[in-house]
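A short write-up of the structure that comes next.
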Amino acid sequence: MAQRKPIVAGNWKMNGSIELVSEISTAISKYKNEQVDVIIFPPAPLLCKAVESGVNVGTQTISEFDSGAFTGEIEAKLAKQLGANYTLVGHSERRAIFGETSEIVADKFAKAQEKGLIPVLCVGETEKQRELGATEKVVAEQINAVISKLGIAALSNSVLAYEPVWAIGTGKTATPEQAQSVHKFIRDMLSTQSEPVAQSLQILYGGSVNDKNSKSLFTQPDIDGGLIGGASLKADAFVSICNSALGNV
């Protein structure tokens, strides 16, 4: 089995400030553990400030287009030039609020790789879909949209984040066993097409992860870290989560 390096990624969403960039970057610089990759995804106006602070940075979304009359969109090449190394694609809020289909997400995934960004592909089911027993079907369809467009090998230069929509910002969290079950399903599904890709792919859990539950989640065999929301806005909590990822090294 491949040894996968844990990742702890903080998605700030439309939160944060110049002062918070300084606070979080200082906390991360004190942490300095090369066994865990730490990334923050600040709002676009804070991207340059975050890069200047020395942290590993990603953007929360990119456009699937190179240029044009797309007011408010973020061009992938420019994000890369400004110092971003990663981009989220397909976050549940982008899918639900902004109407991004799995086909659009696949286009954004392709554009990210074309311009030198590592896409973090977000997948997950709603509470209703889970109640209907459709979790695996929904997750498989979201992943297969990328595979159909680019092939299984494209996932070798990406990260995947499983984020059950019903556990984002609700205070609800999948149990470690529930989260592990879906992560294992994803890895097993991918292994039918490429065992090396399946075993090397870092799969993060994103669903109300905090400093109280992160250790029990990260010790699961197929969970390789977390995509953190609200807790990534608190320096002490975020560093504590980073430390808990060491248990999976």
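In what follows, every heavy atom counts, from backbone to side chain, and hydrogens, waters and symmetry copies are set aside. Numbers here simply count residues along the sequence, with the first being 1.
The aromatic rings of Phe41 and Tyr86 sit perpendicular to each other, their planes meeting at more than 60°, with 30° as the lower class boundary.
Partners of Phe70 by ring pair (Phe, Tyr, Trp, His ring centres under 6.0 Å), not counting sequence neighbours, listed by chain and number: Phe65.
For the residue pair Ala84 and Leu117, the shortest heavy atom distance occurs at O-CD2, 3.3 Å. When all heavy atoms of Gly16 and Trp12 are compared, the pair lying nearest together is CA-CE3, 4.1 Å. The two residues Ser102 and Arg95 come nearest to each other via the heavy atoms OG-NH1, 3.1 Å. Contact detail for Ala50 and Ile40: the closest heavy-atom pair is CB-CD1, 4.1 Å. In terms of heavy atoms, Leu190 sits closest to Leu155 at CD2-CD1, 3.7 Å. Pairing each heavy atom of Val51 with each of Val57, the nearest pair is N-CG2, 3.9 Å.
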Please test Leu121 against Ser158 for side-chain contact (heavy atoms from CB on, under 4.5 Å), starting from the C-alpha separation and ending with a verdict.
CA-CA 7 Å; Leu121 174 63; Ser158 73; 5.8 Å; no

Please determine whether side-chain contact (heavy atoms from CB on, under 4.5 Å) holds for the pair Glu100 and Thr61, giving the CA-CA distance in whole Å, both sets of side-chain angles, and the decisive distance to 0.1 Å.
CA-CA 11 Å; Glu100 292 186 5; Thr61 186; 4.0 Å; yes

Criterion side-chain contact (heavy atoms from CB on, under 4.5 Å) on Glu136 and Val139, from CA distance to verdict:
CA-CA 5 Å; Glu136 294 181 357; Val139 168; 5.9 Å; no

If you apply the rule side-chain contact (heavy atoms from CB on, under 4.5 Å), what do you find for Gln142 with Val105, and how did you get there?
CA-CA 9 Å; Gln142 291 171 343; Val105 172; over 6 Å; no

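Judged by distance alone, with hydrogens and angles left aside, the side-chain atoms of Ser232 form a donor-acceptor pair with the main-chain N or O of Gly229 at under 3.5 Å. With hydrogens and angles disregarded, a donor-acceptor distance shorter than 3.5 Å links the side chain of Lys108 to the backbone of Ile62. Arg187 contributes a side-chain N or O that, together with a main-chain N or O of Leu201, makes up a donor-acceptor pair within less than 3.5 Å. Between the side chain of Gln220 and the backbone N or O of Glu177, no donor-acceptor pair lies under 3.5 Å. Side chain of Ser148 to backbone of Ala145: no donor-acceptor contact under 3.5 angstrom is found. A side-chain donor-acceptor contact under 3.5 Å links Gln113 to the backbone of Ala154. Remark: the backbone N or O of Gly116 is paired with a side-chain donor or acceptor of Lys80 at under 3.5 angstrom. The closest donor-acceptor contact from the side chain of Asp188 to the backbone of Phe185 lies at 3.5 Å or more, if one exists at all. One N or O on the side chain of Thr219 and one on the backbone of Lys215 form a donor-acceptor pair closer than 3.5 Å. Ser208 contributes a side-chain N or O that, together with a main-chain N or O of Ala167, makes up a donor-acceptor pair within less than 3.5 Å.
The line from NZ of Lys149 to CD of Glu103 is 10.0 Å long, rounded to the nearest 0.5 Å. Between Ser53 atom OG and Leu20 atom CG the span is 10.5 Å, to the nearest 0.5 Å. If you take CD1 on Ile74 and OG1 on Thr59, they are separated by 4.0 Å, rounding to the nearest 0.5 Å. Here the CD1-CD1 distance, from Ile186 to Ile143, works out to 4.5 Å after rounding to the nearest 0.5 Å. The CD1 atom of Ile104 sits 12.5 Å away from atom CZ of Phe98, with the distance rounded to the nearest 0.5 Å. Here CD1 of Ile7 is found 8.0 Å from CD1 of Ile118. Values are rounded to the nearest 0.5 Å.
Inter-residue side-chain proximity for Met14 and Glu93 is flagged as unmet; no heavy-atom pair is nearer than 4.5 Å. Within the 4.5 Å cutoff, the side chain of Val120 has no heavy atoms near those of the Ile39 side chain. Residues Ile18 and Leu46 are in side-chain contact: their nearest non-hydrogen atoms beyond the backbone lie under 4.5 Å apart. A 4.5 Å side-chain heavy-atom check between Lys115 and Asp66 finds at least one atom pair inside the cut-off. Residues Ser67 and Glu75 have side chains not in contact (no heavy-atom distance under 4.5 Å, counting atoms from C-beta outward). Looking at Tyr205 and Val182, their side chains never come closer than 4.5 Å, going by heavy atoms from C-beta outward.
Linking Ile, Leu, Val, Met, Phe, Trp and Tyr residues whenever their side-chain heavy atoms come within less than 4.5 Å leaves Ile223 and Trp166 in two separate clusters. In the hydrophobic clustering of this structure, Val138 does not group with Tyr162; members are Ile, Leu, Val, Met, Phe, Trp, Tyr whose side-chain heavy atoms approach within less than 4.5 Å, directly or through other members. Residues Leu88 and Val55 do not share a hydrophobic cluster, clusters being chains of Ile/Leu/Val/Met/Phe/Trp/Tyr side chains in contact below 4.5 Å. Under the 4.5 Å side-chain contact rule for hydrophobic residues, Val8 and Leu227 do not share a cluster. With hydrophobic clusters built from ILVMFWY side chains whose heavy atoms lie under 4.5 angstrom apart, Leu246 shares a cluster with Ile228.
Tested against Asp224, the residues Lys5, Gln202, Arg4 include a single side-chain hydrogen bond (donor to acceptor under 3.5 Å, both in side chains) partner, Arg4. The one candidate from Ile147, Val146, Asn144 that meets the side-chain contact (heavy atoms from CB on, under 4.5 Å) condition with Ile152 is Ile147.
Checked by atom type, the side-chain pair His91/Gln60 shows no donor-acceptor distance below 3.5 Å.
No more than 12 heavy atoms of other residues, nucleotides or ligands lie within 6.0 Å of NZ in Lys49, so this atom counts as exposed by the packing criterion.
Under the 4.0 Å criterion applied to side-chain N and carboxylate O atoms, Lys111 and Glu114 are assigned as salt-bridge partners.
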